[in-house]
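Basis for what follows: all heavy atoms, side chains included, without hydrogens, waters or symmetry-related copies. Every number for a ligand or one of its atoms is a count from 1 in the order of the listing.
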Amino acid sequence: MNAASAPRGRSESPSSLPSARVAGEFDIIARYFKRPVRQVAQRVHLGIGDDCALIGLAPGLEMAVSTDMLVSGTHFFPDTDPERLGHKTLAVNLSDLAAMGAQPRCATLALAMPAANEAWIEAFARGFFRLAAEQDVDLIGGDTTRGPLTLCVTVFGELPQGTAIRRDGAGEGDDIWVSGCLGSAALGLAHLKGELALSAQEALDAVRSLEQPAPRVALGSALRGIATAMLDVSDGLVGDLAHIALASGLDAVLNRDAVPMVRMVARQVEAVRWGCALAGGDDYELCFTAPPDRHADVLAAGHAAQVQVTRIGRMEAARSATGAVLVVDSDGKPCAPTVLAYDHFRTAP
Ligand code: ADP
Ligand code: MG
């Protein structure tokens with residue numbers, strides 16, 4: 001794309017590493033992003049280099065598409081390790097495919113950077129492509145431009161037609177489940193913002209959860225045909241579960257005491273613990289519903305994907321027109337609604 005209409009702004013370096021030498025847009029694409037396509041002929045008919053990439057789709061399959069953008073200063077600190085950032089940029093997108101039960105196939109990457117810092121780009125690409133190789137994802141196109149550091153990925157996944165696990169399919173009486181443990185990423189963020197003190201090891205672990213989330217791709221597809229509704233927990237469990245409740249026309253009753261948290265979260269004072277586990281963002285675990293008679297199948301899917309799955313509540317008939325999340329303790333007593341989901345335009349940064 002040309003830059004004729006680009007406003008002239010002040011540049012900032014994306015990291016503290018110095019630029020070795022100035023590379024052009026096409027050098028950057030060729031050197032760091034153009035890789036041999038892994039699924040040629042099968043899925044990706046044409047990769048990087050032309051005006052469009054071409055993706056083939058076998059009969060009976062549906063394509064799942066999702067875009068997520070990470071903006072420096074909004075979604076990550078400007079000095080975040082670029083290799084981890086490369087991982088996270090792809091991971092948050094793969095998490096959306098996982099949340100539909102789709103199998104990731106390929107991705108595009110739109111990259112705006114204030115300067116061509118090759119050491120930074122090289123490390124970013126290393127993190128991106130390591131996860132891409134693990135998940136068998138091809139990078140098939142994108143855009144590279146000068147601007148405030150912004151990373152935008154679109155992912156393409158596939159699944160048999162009609163099998164996607166949407167948010168609106170939960171049934172009355174369905175169990176609510178969550179994968180993994182919650183709260184660690186929010187604890188890492190609080191630590192980086194200087195809001196609480198962790199031991200050196202705890203800080204490393206919590207910041208790693210924040211910066212290198214594991215997308216639950218295998219679990220997501222294992223739950224096709226079992227889960228009735230699903231999403232990934234990116235903005236906090238209570239707020240995200242409310243999306244399922246609203247879309248499905250039901251209430252969610254969430255047993256706060258059943259929510260799994262890592263030990264360092266469980267050890268925090270009450271407000272921090274519940275804040276991180278129930279309202280903390282960036283965990284990228286899957287929250288889903290399934291009928292009680294599929295209990296064993298859910299456990300088997302978790303086992304096959306090697307991810308812990310925990311039953312944390314039940315879907316009930318809606319008490320009002322808009323589905324709500326009622327947080328209760330293990331005795332069924334309502335807990336104070338002290339927690340909210342992260343909202344970019346409502347939550348103070
Ligand atoms: P156009 O001007 O037609 O939009 P570009 O010059 O922007 O094409 O890009 C050239 C090729 O490189 C295209 O195939 C595009 O998809 C790919 N590309 C550009 N930037 C990236 C990137 N950051 N990652 C992957 N592919 C990229
Ligand atoms: Mg372009």
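- At least one heavy atom of E25 sits less than 4.0 Å from an atom of ligand 1.
- Below 4.0 Å from some heavy atom of G141 lie the following atoms of ligand 1, by number and element: 16 (O), 24 (N), 25 (C), 26 (N), 27 (C).
- A distance-only check finds a donor-acceptor pair linking the side chain of E62 to the backbone of G162 [under 3.5 Å].
- Grouping Ile, Leu, Val, Met, Phe, Trp and Tyr residues whose side-chain heavy atoms lie under 4.5 Å apart, directly or via other members, places V71 in a hydrophobic cluster with M69.
- A chain of hydrophobic side-chain contacts below 4.5 Å, direct or via other Ile, Leu, Val, Met, Phe, Trp or Tyr residues, connects V155 to L85.
- Each of the atoms 3 (O) of ligand 1 lies under 4.0 Å from some heavy atom of D51.
- Judged purely by atom type and a 3.5 angstrom limit, R294 uses its side chain to pair as donor or acceptor with the backbone of G225.
- Residues passing the side chain to side chain contact (heavy atoms under 4.5 Å, CB included) test with A305, sequence neighbours excluded: A218, L219, V307.
- In the vicinity of F33, heavy-atom distances shorter than 4.0 Å reach the ligand 1 atoms 23 (N), 24 (N), 25 (C).
- Shown in contact with D50 at under 4.0 Å from a heavy atom are these atoms of ligand 1, numbered in order with element: 13 (C), 14 (O).
- Below 4.0 Å from some heavy atom of I48 lie the following atoms of ligand 1, by number and element: 12 (O), 14 (O), 17 (C), 25 (C), 26 (N).
- For F26, the closest heavy-atom approach to ligand 1 falls below 4.0 Å.
- Ring geometry for F124 versus F33: interplanar angle over 60°, hence perpendicular rather than tilted (30 to 60°).
- Ligand 1 has an N or O atom lying under 3.5 Å from an N or O atom of G49, backbone or side chain.
- Checked by atom type and distance alone, the side chain of N255 never pairs as donor or acceptor with a backbone atom of G313 at under 3.5 Å.
- If you number the atoms of ligand 1 from 1 as listed, the ones under 4.0 Å from a heavy atom of L139 come out as 24 (N), 25 (C).
- Contacts of I29 with ligand 1, taken as heavy-atom pairs under 4.0 Å, involve the side chain alone.
- Of all atoms in ligand 1, numbered sequentially from 1 with element shown, those under 4.0 Å from a heavy atom of T144 are 19 (C), 20 (N), 21 (C), 22 (C), 23 (N).
- With hydrogens and angles ignored, the 3.5 Å screen pairs no side-chain donor or acceptor of S66 with any backbone N or O of L97.
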